[in-house]
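The structure appears right after this line, and notes come after that.
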Amino acid sequence: MPAMKKMKSSDPLRPHSGALLDGPERAAARAMLYPVGCKEEDFSKPLIGIASTWSNVTPCNMHIDKLALESEKGVNEAGGKAIVFNTITISDGISMGSEGMKYSLVSREVIADSIETVVGCAGMDGFVAIGGCDKNMPGSLIAIARMNRAAVFVYGGTILPGCLTSAPDKKLDIVSVFEAIGAHANHKISDAEFKAVEQCAIPGPGSCGGMYTANTMASAIEAIGMSLPNSSAQNAVSPAKMDDCRRAGACVMEMLKTGIGPLDILTKKAFENAITVVIALGGSTNAVLHLLAIAHAAKVKLPLDDFTRIGKRVPVLADLKPSGKHLMSELVAIGGIRPLMKTLLDKGLLHGDTLTVTGQTMAQTLDGVQPYPAGQAVIQPFEKPIKKDSHLVILYGNLAPEGAVAKISGYEGLHFSGKAIVFESEEKALQAILNDTVKAGHVVVIRSEGPKGGPGMREMLSPTSAIMGKGLGKDVALITDGRFSGGSHGFVVGHITPEAYVGGPIALVKNGDPITLDAERRKITLEVSAAELKKRKRAWKKPAPRYTRGVLAKYAAHVTSASLGAVTDAELRL
């Protein structure tokens, strides 16, 4: 039998798998791969991972196992050898408002770490990452940036709307349920209607249906250039999504051939494109947190103030839920985000020279994109925007010296002044809203929910939805060192930094303190004298950690401020 030749590790198509699998001394590695489907000829092909976030934990991801198989086909047909592996997902919608929600933001780090671990350990030359729920997307992109191997992100797709037999024209989604809780508590809907909303809102696979965090981040990733055109605006159950997955597998193989890596794509201009598209779509406040984290992984400087700079010139054009009327599936039906991006490009608001995974520039991928059909109401004309500048408003002041993120759609007004009513947890605030302790004129302060203090920076969808369901959306504001679901709306301010756990000013607020929120001046002010705040700070004592072991304790020990993206990399701690 002839001696086995050792493939040079410098093979440009097999820069990592060659070193792992080639030569007599790597026989054991090859032996382990025969039982999982590899043939002898596969060991000379690029090894491409398919990072699947499949799980029956949530409808957002329940179909991704099938999508992963399509990406596997795309790789194999293009001459590679694909290996499917899984990482975790959690459900924000299920855990929202409970102690379990503390694991949500933590899961972003676990997803990133696990993809990096498998791709690195298995010597994969590239990979496709497929995500459905909120943290899958930034987690995948963080891993893609860290590894800098040929990679494409695929969005699992949006869910179709639910409906009631009694009101077939009324489109439902998960936020409909959260708001029904408040409406039911306020005796605005019957027990029967409440139960019908609960049972009909989620009809099948796909991510939450408005411009919430999943659809926001999918759109941002397409704007960055790390997914194929239209990947962000396809229904989860559709031939288009299956085709997207196959083409993504082939695209990774082409990236290997051309030598394009993620860090060629993840540039400052690319992140500016993402911010521009998120603003135009009226996207989630979580985009701020996640884009900061992805930029950190890519070693791109992206300060909070970039959102203000870009937001001054980019209007909100999409009339999408939660603040608007329409669902993502309706945007899919009229062409997705590509016509919007073409408009932004033509107006000089998008960088056309950024590179994409296709090997083309952003401008090239948008060439020939047709405008939206006449008469559609989802995307407003550039000349008649929903809001002339960004709904994502970065606030500073004596209550948030390192910044806070407000979501001001314009429907709530641009100013709010009220008296603080303070809660040390989301659960206590929710009960006070539902039992009418919270009244018009209150600024609900929910603290000790930051990255370290929660830990995990829970989303406040339950209390914000209860406020809306109670009919107090214009009469009550809510501020927190936690964060908000993409489904939250109303006068809400999150990501207040420094957080309460480290002694930030939010820790010093007392019931009855006047608080002023000014979106025009971008100020958040605790109307208490500096001398009084110093007195309160001297009396303040750091609370004991809520967790002393396990993943939440580990996260709390390593996580940075929300103003830095709440990342856990050791690099920032050196």
### Summary
Nearest heavy-atom contact between A185 and K470 is O-NZ, 3.9 Å
### Query
If only atom types and distance count, is the side chain of K171 paired as donor or acceptor with the main-chain N or O of C163 below 3.5 Å?
no
### Query
Where the side chain of H296 meets the backbone of G565, is there a donor-acceptor pair that is under 3.5 Å apart?
no
### Query
Just how far is it from atom CE of M211 to atom CE of M328, taken to the nearest 0.5 Å?
4.5 Å
### Query
In Å and rounded to the nearest 0.5 Å, what is the CG to CE distance from L141 to M217?
6.5 Å
### Message
We want to know whether N136 and N61 form a side-chain donor-acceptor pair, criterion being a heavy-atom distance below 3.5 angstrom.
### Response
yes
### Query
Side chain of T117, backbone of D113: donor and acceptor closer than 3.5 Å?
yes
### Query
Going from OG on S563 to CG on L304, what distance comes out if it is rounded to the nearest 0.5 angstrom?
6.0 Å
### Message
Looking at every heavy atom in both A248 and V128, which two are closest together, and how far apart are they?
### Response
O-CG2, 3.9 Å
### Query
So, do I421 and V445 sit near enough that their side-chain heavy atoms are less than 4.5 Å apart?
no
#### Entry: pair K321-D173: side-chain heavy atoms closer than 4.5 Å
yes
### Task
Would you check if there is a donor-acceptor pair between the side chains of D481 and Y501 at a distance under 3.5 Å?
no
### Query
Does any N or O in the side chain of S465 come within less than 3.5 Å of the main-chain N or O of S462, such that one atom is a donor and the other an acceptor?
no
#### Entry: Heavy-atom side-chain proximity of E459 to M96 below 4.5 angstrom
yes
### Query
Is a salt bridge present between K135 and D92, judged by a nitrogen-to-oxygen distance below 4.0 Å?
yes
### Message
Ignoring hydrogens, what is the shortest heavy-atom contact between I496 and A404? Give both atom names and the distance.
### Response
CG1-CB, 3.7 Å
### Message
Quick one, K510 and V422 - any side-chain contact, counting heavy atoms below 4.5 Å?
### Response
no
### Task
Report the C-alpha distance between K523 and D518 in whole Å, list the side-chain angles of each, state the deciding distance to 0.1 Å, and finish with yes or no for salt bridge (charged side-chain N to carboxylate O under 4.0 Å, His left out).
CA-CA 5 Å; K523 298 284 287 183; D518 187 336; over 6 Å; no
### Query
Do T216 and S284 get their side chains close enough for a donor-acceptor pair, meaning under 3.5 Å?
no
#### Entry: Heavy-atom donor-acceptor pair, S104 side chain to M101 backbone, under 3.5 Å
no
### Query
Backbone N or O of S561 within a donor-acceptor pair of the T497 side chain at under 3.5 Å?
no
### Message
Using only atom types and a distance under 3.5 Å, with no angle test, would you say the side chain of N435 pairs donor to acceptor with the backbone of T437?
### Response
yes
### Query
Backbone N or O of G453 within a donor-acceptor pair of the S448 side chain at under 3.5 Å?
no
### Query
Tell me, which pairs form a ring-ring contact (aromatic ring centres under 6.0 Å, His included) where one or both residues lie in residues 164-211, sequence neighbours left out?
H184-F194
### Carboxylate-amine/guanidinium proximity below 4.0 Å for E424 and R447
yes
### Query
Does a side chain donor of either N235 or T158 reach within less than 3.5 Å of an acceptor in the other side chain?
no
### Message
Is the shortest side-chain heavy-atom distance between L392 and I394 below 4.5 Å?
### Response
no
### Query
Hey, is K439 close enough to D475 for a salt bridge, meaning N to O under 4.0 Å?
no
### Message
Quick one, Q234 and Y155 - any side-chain contact, counting heavy atoms below 4.5 Å?
### Response
no
#### Entry: K387 NZ: over 12 foreign heavy atoms closer than 6.0 Å
yes
### Task
Taking all non-hydrogen atoms of both residues into account, name the closest pair between T58 and S91 and its distance.
CB-CB, 3.7 Å
### Task
Answer yes or no: is there a donor N or O on one side and an acceptor on the other, between the side chain of S238 and the main chain of K241, under 3.5 Å?
yes
### Message
Would you say T213 and R483 are linked by a side-chain donor-acceptor pair, where the criterion is simply a distance under 3.5 Å?
### Response
no
### Message
Any carboxylate oxygen within less than 4.0 angstrom of a Lys/Arg side-chain nitrogen, looking at R458 and E427?
### Response
yes
### Query
So, for P59 and M62, which heavy atoms are closest and what is the spacing to 0.1 Å?
O-CG, 3.4 Å
### Test side-chain contact (heavy atoms from CB on, under 4.5 Å) applied to T53 and I88, step by step
CA-CA 6 Å; T53 56; I88 67 158; over 6 Å; no
### Closest contact, heavy atoms only, S329 versus L160
CB-CD2, 4.2 Å
### Task
Establish, from distance only, whether the side-chain atoms of H489 and E179 form a donor-acceptor pair under 3.5 Å.
yes
### Exam field: side chain K407 to backbone G490, donor-acceptor pair closer than 3.5 Å
no
### Message
Just by distance, no angles: are the side chains of T568 and E109 close enough, under 3.5 Å, to form a donor-acceptor pair?
### Response
yes
### Task
Carefully, step by step, assess V567 and L292 under the rule side-chain contact (heavy atoms from CB on, under 4.5 Å).
CA-CA 9 Å; V567 299; L292 291 176; over 6 Å; no
### Query
Are any non-hydrogen side-chain atoms of S71 and I130 less than 4.5 angstrom apart?
yes
### Task
Starting from the C-alpha separation in whole Å, work towards a yes-or-no answer on side-chain contact (heavy atoms from CB on, under 4.5 Å) for V405 and V493.
CA-CA 6 Å; V405 181; V493 182; over 6 Å; no
#### Entry: Worked check of side-chain contact (heavy atoms from CB on, under 4.5 Å) between V444 and I479
CA-CA 6 Å; V444 177; I479 69 173; over 6 Å; no
#### Entry: Spacing of CD1 belonging to I64 relative to OG1 belonging to T89, to within rounding of 0.5 Å
7.5 Å
### Spacing of CG belonging to N215 relative to OG belonging to S207, to within rounding of 0.5 Å
6.5 Å
### Query
Do Y212 and N286 pass the side chain to side chain donor-acceptor pair (under 3.5 Å) test, and can you show the C-alpha distance, the side-chain angles, and the key distance before you say yes or no?
CA-CA 9 Å; Y212 311 144; N286 280 317; over 6 Å; no
### Message
Less than 4.5 Å apart, side chain to side chain, heavy atoms only: is that true for I50 and F127?
### Response
no
### Message
Could you tell me if S231 and E222 have a donor-acceptor pair between their side chains, going purely by distance under 3.5 Å?
### Response
no
### Query
Got a second to check how far L69's CG is from K66's NZ, nearest 0.5 Å?
8.5 Å
#### Entry: Modelled atom types, side-chain donor and acceptor of T516 and E527, under 3.5 Å
yes
